[in-house]
Amino acid sequence: MPRLTLTPPGDYDLARDVCSYGYFLLAPNRWHVEARTLTRVLSLPRGPVGVAISQPKGKALSVWLSHTLDTTNRAAAIIQLTRMLRLDDDEATIAEFHRVDPRFAASGRGRLFRSPTLFEDVIKTVTSCNVTWPSTVQMNLRLSDVLGHRIDAEPARIKGAKAPPSSSAFPLAATIARTRPQTLRARCRVGYRDRRIVELARLFRTPPKKGGIDTVFLEDPATPDDAVFDALVELPGIGPYAAANIMQLMGRYARLPLDTESVRHGRTLLGYKGSSAQVMKRLDEHYAPFGRHAFRSYWFELWEFYERKHGPAWGWERDSTGKMFTAALLNKA
DNA sequence: GGTAGACCTGGACGC
DNA sequence: GCGTCCAGGTCTACC
């Protein structure tokens, strides 16, 4: 079976750095606990490919492929894997975060898992709004199963895996753009998000000059945070929370995506009292000193709280532990 | 500028 | 097994 080898930053730990944000539990991603391997299908210019990513000797990453890639697809696969795994967050960046917030220096935490493309991150964020986590899991499973391109070949191999790897990719913007909202609602159970998801897909397919999303402008590090935020909240289905969440997925950590779970965290761990709006204001003030690393400090504080309840994240199964993250259950905990 | 209510789904709960 | 209630962020209408 063909294979790619990727050299990550010297401090990279696949299990820690993949199992660092909830999207590792969302289809088409599949984390195999015992094999400590991430599988999924990537959509490449010349068709989908199944990948199985592991770190056998604690250094280089092995990426087993369902079939051999030509030069174009190979280059595209490396770009997508680099984005998803945050391989471009180098040691110096993570060390800077640890200087700002030394609480995470020992664990080495600093990288946050994301999707291979901005489009997938935006749609995943929309599926996480106004819904409990198990529904988000289901929506992404169905989106991939119903609209994702399937691979014909055997999925990439995984030593010691209990669950089969998925054989569908996340749907392309082009596919969703030509799907009827009613189909999304009926078959993917996305509810009232149906039109918003189709509109977003169409905006991703439309050139910026004709009113489409200007991904170059959004992803340019020189673009100020405020300009990115203003552009994102103009999009259908994207409010202040979703915009801030998409920004952290883009590597902009100064803003906090605050939701009801943040309020629970502020009340139970930080002892804040008052209305939700008051608690959110205090949370913003609390993490402001961490500057451009604010979200990392907030998130890993929250993540370690989850890990104290449920064990290390690399041991979470999507269909059991991975479904437990609802405010109601956490409040009981 | 601030706020109330609708939008859907799925899980919890009571009967 | 059925009905009711509730959680969840965004959007629109209204003040």
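Quick note on labels: first sequence line is chain A, next is B, and so on, each numbered from 1. Note: hydrogens, waters and symmetry copies are ignored here, and every other heavy atom, side chains too, is used.
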For this session: Can you tell me which residue pairs pass the salt bridge (Lys or Arg N to Asp or Glu O under 4.0 Å) test with a partner in residues 58-78 of chain A, sequence neighbours excluded?
Result: A/R46-A/D70
Problem set entry | Between P of C/dG8 and CD of A/Q138, the distance in whole Å | 19 Å
Problem set entry | Basic-acidic side-chain contact under 4.0 Å: A/D89, A/R296 | yes
Problem set entry | Non-neighbouring partners of A/W299 that pass ring pair (Phe, Tyr, Trp, His ring centres under 6.0 Å), sequence neighbours left out | A/Y21, A/F295, A/W303
Exercise. Under the side-chain hydrogen bond (donor to acceptor under 3.5 Å, both in side chains) criterion, do A/N130 and A/Y192 qualify, and how do the steps go?
Worked result: CA-CA 11 Å; A/N130 197 29; A/Y192 66 89; 3.0 Å; yes
For this session: Grab the CG-C1' distance between A/L235 and C/dG9 for me, whole Å please.
Result: 15 Å
Seminar exercise, completed: By ring pair (Phe, Tyr, Trp, His ring centres under 6.0 Å), A/Y272 pairs with (sequence neighbours left out) none
For this session: Taking only the side-chain nitrogens and oxygens of A/T260, find out if one of them lies under 4.0 Å from OP1 or OP2 of C/dG9.
Result: yes
Give me the distances for all protein-to-nucleotides 12-14 of chain C N/O pairs that come in under 3.5 Å?
none

Problem set entry | Residues from residues 273-284 of chain A lying under 4.0 Å of DNA chain C - heavy atoms | none
For this session: Grab the two heavy atoms, one from A/R267 and one from A/S275, that are nearest each other, plus how far apart they are.
Result: NH2-C, 3.5 Å
Problem set entry | Ion pair check, A/R282 and A/E285, cut-off under 4.0 Å | no
For this session: Would you kindly give the CZ-to-P distance between A/R142 and B/dT9, to the nearest whole Å?
Result: 10 Å
For this session: Check ring pair (Phe, Tyr, Trp, His ring centres under 6.0 Å) between A/F300 and all other residues, then give those that pass, not counting sequence neighbours.
Result: A/F104
For this session: Go through the structure and list residues passing side-chain contact (heavy atoms from CB on, under 4.5 Å) with A/A186, not counting sequence neighbours.
Result: none
Seminar exercise, completed: Atom OH of A/Y241 and atom P of C/dT10 are separated, to the nearest Å, by 8 Å
For this session: Name the nucleic acid region contacted by A/L258, choosing base, sugar-phosphate or nothing; use a 4.0 angstrom heavy-atom cut-off, strictly under.
Result: nothing
Exercise. What residues, two or more places apart in sequence or in another chain, satisfy ring pair (Phe, Tyr, Trp, His ring centres under 6.0 Å) together with A/Y287?
Worked result: A/Y298
Exercise. Looking at five pairs on each end of the helix from B/dG1-C/dC15 to B/dC15-C/dG1, what is the angle between the two axes, given to 10 degrees?
Worked result: 40°
Problem set entry | Proximity to DNA chain B (any heavy atom under 4.0 Å), residues of residues 187-205 of chain A only | A/R189, A/G191, A/Y192
Seminar exercise, completed: From the candidates B/dG10, C/dT10, B/dC8, the one with an atom nearest any side-chain atom of A/A242 is C/dT10
Problem set entry | Carboxylate-amine/guanidinium proximity below 4.0 Å for A/R264 and A/D259 | no
Exercise. Rounding to a whole Å, what distance do you find between A/M139:CE and B/dC7:C1'?
Worked result: 12 Å
For this session: Output every pair passing ring-ring contact (aromatic ring centres under 6.0 Å, His included) with a member in residues 241-267 of chain A, not counting sequence neighbours, ordered by first then second residue.
Result: none
Problem set entry | For A/V41 against A/H149, the heavy-atom pair lying closest together | CG1-O, 4.5 Å
Exercise. Starting at CZ of A/R185 and ending at P of B/dC8, how long is that distance when rounded to a whole Å?
Worked result: 4 Å
Please tabulate, for side-chain N and O atoms in residues 200-212 of chain A, each donor-acceptor pair with protein atoms closer than 3.5 Å (sequence neighbours left out).
from	atom 1	to	atom 2	distance (Å)
A/R202	NE	A/A177	O	3.0
A/R202	NH2	A/A177	O	3.3
A/T206	OG1	A/R202	O	2.6

